[in-house]
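All values reported here derive from a predicted model rather than from experimental measurement. Keep in mind that the numbers below use all heavy atoms, side chains included, and drop hydrogens, waters and symmetry copies.
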Amino acid sequence: MNRRTFLKGTAASVVVLATAGVSEALAHAGRVAREHRLLTDPQSELAQLVREGNAMRPWFAPLTTRQAHVSELVALGLTNTEIARHLGISVRTTDAHVMSIFNKLDLHRRKQLADWVMRSRPS
């Protein structure tokens, strides 16, 4: 069985029995209990896993690290030319970063991006 871990630091596996019959699930319960840890309070334990996963996400989660850096400079009021000079990249690359940020966040103005940065960044 291939496993995928979506949360670094916390190995979380969730099994959903949607189409299997209850009697079939109960027949395998003893074997499953020996092989895996069963959730005693699934609702609160899953909520805790989600909270832990969200806490591990960086504030700029939908963006790359470079895009986050560019978005911070946009929030400071720098133009694309000033950002390019500051980062040592071309103006066209800066334009591409800004457009990619706008597309990812579904924004249309630099002011909206500045507001998003201020809301998203931890204090």
Checklist entry - Can you find a pair of side-chain heavy atoms, one from Arg110 and one from Asn80, that are under 4.5 Å apart? => result yes
Next on the checklist: Is there a side-chain contact between His97 and Ile89 in this structure, where contact means two heavy atoms from C-beta onward sitting under 4.5 Å apart?
Outcome noted: yes
Below 3.5 Å, can you tabulate the donor-acceptor pairs from side chains in residues 101-108 to any protein atom, sequence neighbours excluded?
unit_1: Asn103; atom_1: ND2; unit_2: Met99; atom_2: O; d: 3.3
unit_1: Lys104; atom_1: NZ; unit_2: Pro62; atom_2: O; d: 3.4
unit_1: Lys104; atom_1: NZ; unit_2: Gln67; atom_2: OE1; d: 3.0

Checklist outcome for this item: d(Leu87 CG, Leu73 CG) to nearest 0.5 Å is 5.5 Å
Item to check | Joint cluster assignment, Val91 & Leu113, ILVMFWY side-chain distance < 4.5 Å | outcome: no
Checklist outcome for this item: So salt bridge (charged side-chain N to carboxylate O under 4.0 Å, His left out) across residues 78-97, not counting sequence neighbours, yields none
Next on the checklist: Show me the pairs that pass salt bridge (charged side-chain N to carboxylate O under 4.0 Å, His left out) and involve residues 66-77, at least two apart or across chains.
Outcome noted: Glu72-Arg121
